[in-house]
Amino acid sequence: MSNTPIRYVGLHHIAFFRAAFESDLELHAIAGRYLETGQDLPAAKRTLKFVQTALSQAAKRQGKHGAAALLRVPRSRFREQAPAQDDAPKIPTFEQYRDEVDPDGFYRENELLDMYQDEYGALASAPASPAEERRLARNLRLLQKKIRLINDLAGQISKPPTLDDLVAGWFDPRVANKFVAAKIETLGDLILFMNHRGYRWYRAIPKLGEVTAKRIVSFLAGSELSGALTPYALTPIKEYRSAVARHGAVVPRGAIVPLEQIRVPVAELNGSQGTNRAEIRRNRLQGNDDLAAINAWLALYRNNTERAYRKEAERLLLWSIYAKQKAFSSLTTEDVGEYMRFLENPTPSHMWVADRRYDRFHPAWRPFVKSGLSDKSITYAVQVLSVMCSWLVGQRYLDSNPFDGLPKLNAAVWVPIARSLSRKQWKAVREHINGLPDDLPGARLKFLIYLAYGTGMRIHEIAKAKLADLRVYNLNGGDMTYLTILGKGKKLREVPFTEGLQQYLRTYLQLRGLDHTQLHALDPNTPLIASLEDSTAFLAVRSLGHLAKDLFGQVAQELASTDPMSAQGLQRASMHWLRHTHATHALQNNVPVKTVKENLGHASLSTTSIYTHTELADRHTEIDAFLAASMG
């Protein structure tokens with residue numbers, strides 16, 4: 001039994017086959033209009049043969065063996081006399097020209113032929129012999145009969161595509177094999193993949209080009225499967241993102257969407273009639289529903305703080321609407337206690353938990369990326385939400401704070417050692433980046449990591465840093481360079497930009513093609529960290545985060561066999577860990593707390609003190625000595 005998949009015949013295949021006999025165009029040009037393989041001539045010939053076989057077999061099943069034979073007549077037989085086009089010039093035959101110009105027989109045959117050629121030029125041809133004319137007329141009749149046969153049999157052999165059809169049944173093997181290699185077996189798999197990946201989905205399929213991908217999308221969009229394709233798969237990403245920002249995403253009713261896409265027209269759920277609302281006339285906010293009130297609170301914050309707070313408010317609002325079926329402004333203390341238990345295990349997981357982190361406009365976005373939060377994360381969520389509700393009480397939007405009735409949680413904000421790199425981990429990172437090639441990507445990554453570690457800057461501060469932020473001061477009889485940073489709350493601070501950091505920067509600038517010896521002469525708006533393709537283009541925060549995550553992942557792989565615990569920690573590490581590492585290592589090296597505080601931009605010494613782990617270290621050393629002595 002053959003393992004070759006059954007090939008399906010679609011209406012586009014029929015149209016291609018018919019055009020191959022009707023049109024004067026070359027076969028590859030016709031294929032470019034109808035087939036996913038474009039102007040690939042071998043693929044076009046395979047498809048022509050495949051459709052011809054299907055039509056011939058259908059004719060034989062009806063006992064029409066003569067029709068089957070006619071369908072097998074090659075294309076070249078009919079190309080000598082193609083059907084006249086409606087817009088083609090009407091050229092009289094030589095006999096018609098003679099009857100019109102010389103009805104009395106005044107001119108000789110050769111004179112009249114010269115006149116005919118002069119008038120119609122290249123469009124005219126010598127008169128065919130009667131036998132030739134009869135042969136061409138017969139071919140034309142056969143072609144017309146063949147076209148009628150194709151049209152009659154098309155409905156019998158063609159089928160609409162379905163989600164369960166194998167891709168190998170619809171596409172040329174050259175294309176289908178690329179899908180199969182990517183674990184895409186059926187059209188349903190393909191559509192799911194396209195909806196998941198978005199408009200540039202084909203980039204994830206090795207050696208599948210954009211032109212071929214567009215033909216495949218055109219085929220699916222023109223079929224009965226068009227409704228299975230989402231706007232995310234059919235729309236360029238910038239247009240889709242803009243449309244979502246203006247109108248919200250087109251999502252099924254009750255689907256979980258980000259805060260900016262939530263649409264709650266029902267009064268019972270939008271909070272306009274919430275049972276925990278203060279008197280409406282005392283409301284100090286411009287908005288009169290829960291979403292507007294929450295957005296008013298979030299508008300007080302910027303950057304990472306706003307994103308962190310939005311995540312917590314968003315989760316609570318979504319849970320209230322879609323899980324509890326209750327307006328946020330109607331929640332009681334019992335409700336928020338139930339919400340805390342939900343945070344431990346958000347169910348059903350397919351509704352709440354994504355398999356990885358997605359952009360907020362992506363249809364696969366979910367409010368959680370892992371199945372449940374730790375006790376520490378739940379404590380943090382309750383603290384944030386309690387602050388939000390207290391503010392809403394102060395604005396006379398809520399009557400009371402439902403979180404006030406919960407048991408008091410540990411309010412200490414502790415950044416554990418686990419969120420900074422150990423000495424061993426940091427050494428492994430240094431050894432890795434110092435071993436990178438002396439090229440532009442290597443120099444950029446090296447400078448980025450040492451900049452983050454050496455200054456304790458936040459990732460969004462690094463993304464905005466430029467040469468104009470460097471300042472040189474004459475202090476203690478020498479020049480000292482500082483980097484000016486606009487941090488949280490729009491507070492300015494300056495951090496030492498040491499000679500070591502300057503050397504890494506000069507090397508990096510040199511590879512960017514800039515004069516590294518004269519920093520003051522360069523464009524002051526030149527970013528410290530730039531795109532590889534454009535030295536004047538700043539890198540987005542997301543891109544910087546990916547660079548750090550990729551680096552830590554590579555170092556973790558190198559450590560996996562010798563130090564699995566360190567490797568496991570590095571797998572979780574992010575760019576922000578370098579800020580914690582800067583503070584922790586500085587304090588462990590007896591740098592005064594006040595200096596570290598000013599470097600980090602903390603408002604108080606107590607915030608910086610959370611990085612001091614001396615007590616923990618001493619306690620560990622003392623217990624270790626005790627056990628060594630008592631247990632041998």
Peer 1: Taking C-beta and beyond as the side chain, do Phe497 and Leu505 meet within less than 4.5 Å on heavy atoms?
Peer 2: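 Of all side-chain heavy-atom pairs linking Leu505 with Phe497, at least one is under 4.5 Å.
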Peer 1: Could you tell me which residues satisfy ring-ring contact (aromatic ring centres under 6.0 Å, His included) with His362, sequence neighbours excluded, listed by chain and number?
Peer 2: His196, Tyr232, Tyr358
Peer 1: Rounded to the nearest 0.5 Å, what's the gap from CD1 on Ile378 to CD on Glu312? Could you check?
Peer 2: 10.0 Å
Peer 1: Determine whether the side chains of Gln502 and Arg506 contain a donor N or O and an acceptor N or O closer than 3.5 Å.
Peer 2: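 Yes, Arg506 and Gln502 have a side-chain donor paired with an acceptor closer than 3.5 Å.
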Peer 1: Looking only at heavy atoms, which two atoms of Pro231 and Thr235 are closest? And how far apart?
Peer 2: O-OG1, 2.8 Å
Peer 1: Identify the two heavy atoms, one from Val384 and one from Trp297, that lie closest to each other, and give their separation to 0.1 Å.
Peer 2: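 So the two residues come closest at CG1-CH2, 3.8 Å.
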Peer 1: I'd like to know if the side chain of Asp534 pairs up with that of Thr536 as donor and acceptor (distance under 3.5 Å, no hydrogens or angles considered).
Peer 2: yes
Peer 1: Answer whether the closest heavy-atom distance between the side chains of Val369 and Val353 falls below 4.5 Å.
Peer 2: no
Peer 1: For Leu451, is there any backbone N or O sitting under 3.5 Å from a side-chain donor or acceptor partner on Thr455?
Peer 2: yes
Peer 1: Using 4.0 Å as the upper bound for N to carboxylate O, is an ion pair formed by Arg542 and Asp359?
Peer 2: yes
Peer 1: Between SG of Cys389 and CZ of Phe328, what distance do you get to the nearest 0.5 Å?
Peer 2: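 Result: 4.0 Å between the selected atoms.
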Peer 1: Could you pull out the closest heavy-atom pair between Ser535 and Thr526, with the gap in Å?
Peer 2: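 That closest heavy-atom pairing would be O-CG2, 4.3 Å.
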Peer 1: Salt bridge (charged side-chain N to carboxylate O under 4.0 Å, His left out), that's the test. Do Glu260 and Arg360 meet it? Break it down for me.
Peer 2: CA-CA 9 Å; Glu260 60 271 17; Arg360 294 178 63 79; 2.8 Å; yes
Peer 1: Which of these, Trp352, Phe368, Phe342, sits in a side chain to side chain contact (heavy atoms under 4.5 Å, CB included) with Arg315?
Peer 2: Phe368
Peer 1: Check whether NZ of the Lys or CZ of the Arg Arg512 lies under 6.0 Å from the centre of the six-membered ring of Tyr508 and within 45 degrees of that ring's axis.
Peer 2: yes
Peer 1: If you define the side chain from C-beta out and look only at heavy atoms, does anything of Ser320 sit under 4.5 Å from Asp335?
Peer 2: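 No; the side chains remain at least 4.5 Å from each other.
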Peer 1: Would Tyr453 and Trp426 count as a close aromatic pair, with their ring centres under 6.0 Å?
Peer 2: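 Yes - the distance between ring centres of Tyr453 and Trp426 falls below the 6.0 Å cut-off.
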Peer 1: Could you check whether any side-chain heavy atom of Lys324 comes within less than 4.5 Å of a side-chain heavy atom of Tyr339, counting everything from C-beta outward?
Peer 2: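 Sidechains of Tyr339 and Lys324: no contact.
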Peer 1: Quick one, Glu306 with Lys311, criterion salt bridge (charged side-chain N to carboxylate O under 4.0 Å, His left out). Give me CA distance, side-chain angles, the key distance, then yes/no.
Peer 2: CA-CA 9 Å; Glu306 188 273 338; Lys311 177 172 66 177; over 6 Å; no
Peer 1: Would you mind telling me which of Leu547, Leu448, Leu532 makes a side chain to side chain contact (heavy atoms under 4.5 Å, CB included) with Leu539?
Peer 2: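 With Leu539 as partner, Leu547, Leu448, Leu532 yield a single side chain to side chain contact (heavy atoms under 4.5 Å, CB included), made by Leu547.
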Peer 1: Is Val472 close to Met480 at the side-chain level, that is, under 4.5 Å between some pair of heavy atoms?
Peer 2: no
Peer 1: Under a 4.5 Å cut-off applied to non-hydrogen side-chain atoms, are Phe538 and Lys466 in contact?
Peer 2: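 Counting from C-beta outward, Phe538 and Lys466 do come under 4.5 Å.
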Peer 1: Take Tyr202 and Arg200 through the side-chain hydrogen bond (donor to acceptor under 3.5 Å, both in side chains) test and state the conclusion after the steps.
Peer 2: CA-CA 6 Å; Tyr202 55 86; Arg200 301 288 185 184; 2.7 Å; yes
Peer 1: Nearest heavy-atom pair of Arg366 and Met351: which atoms, and what distance?
Peer 2: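 Shortest heavy-atom contact: CD-O, 3.1 Å.
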Peer 1: Are Arg203 and Glu210 within salt-bridge range, i.e. N to O under 4.0 Å?
Peer 2: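 Here Arg203 does not pair with Glu210 in a salt bridge, since their nearest N and O are not under 4.0 Å apart.
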Peer 1: Could you go step by step and tell me if Glu461 and Arg493 meet the salt bridge (charged side-chain N to carboxylate O under 4.0 Å, His left out) rule?
Peer 2: CA-CA 11 Å; Glu461 295 169 347; Arg493 72 182 189 278; 2.8 Å; yes
Peer 1: Do the non-hydrogen side-chain atoms of Ile294 and Leu316 ever get within less than 4.5 Å of each other?
Peer 2: no
Peer 1: Output, in order, the C-alpha distance, side-chain angles, deciding distance and verdict of side-chain hydrogen bond (donor to acceptor under 3.5 Å, both in side chains) for Tyr473 and Glu494.
Peer 2: CA-CA 12 Å; Tyr473 298 101; Glu494 290 183 309; 2.5 Å; yes
Peer 1: Between Ala299 and Arg302, what is the shortest heavy-atom contact and its length?
Peer 2: O-NH1, 2.9 Å
Peer 1: In terms of side-chain heavy atoms, does Ser377 have a donor or acceptor partner in Ser374 at a distance below 3.5 Å?
Peer 2: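 Distance-only check passes for Ser377 and Ser374.
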Peer 1: Does any part of the side chain of Leu317, heavy atoms only, come nearer than 4.5 Å to the side chain of Ile262, both counted from C-beta?
Peer 2: yes
Peer 1: What's the separation between atom NZ in Lys549 and atom CZ in Arg357, rounded to the nearest 0.5 Å?
Peer 2: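 Between atom NZ of Lys549 and atom CZ of Arg357 there are 8.5 Å.
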Peer 1: Would you say Thr347's side chain and Ser349's backbone share a donor-acceptor pair under 3.5 angstrom?
Peer 2: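 A pair under 3.5 Å: no.
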Peer 1: Do Gln503 and Tyr450 have side-chain N/O donor and acceptor atoms under 3.5 Å apart?
Peer 2: no
Peer 1: Please list, one pair per line, the donor and acceptor atoms closer than 3.5 Å that link side chains of residues 391-399 to other protein atoms, with sequence neighbours excluded.
Peer 2:
residue	atom	partner	partner atom	Å
Arg396	NH1	Gly394	O	3.2
Tyr397	OH	Asp289	O	3.1
Tyr397	OH	Asp290	N	2.9
Tyr397	OH	Asp290	OD1	2.6

Peer 1: Where is the tightest heavy-atom contact between Arg444 and Ala530, given as atom of each residue plus distance?
Peer 2: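 Arg444 and Ala530 have their closest heavy atoms at NH1-O, 2.9 Å.
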Peer 1: Looking just at side-chain N and O atoms, do Asn401 and Ser390 make a donor-acceptor pair shorter than 3.5 Å?
Peer 2: yes
Peer 1: Before giving the answer on side-chain hydrogen bond (donor to acceptor under 3.5 Å, both in side chains), spell out for Ser329 and Asn276 the whole-Å C-alpha distance, their side-chain angles and the decisive distance to 0.1 Å.
Peer 2: CA-CA 5 Å; Ser329 55; Asn276 188 31; over 6 Å; no
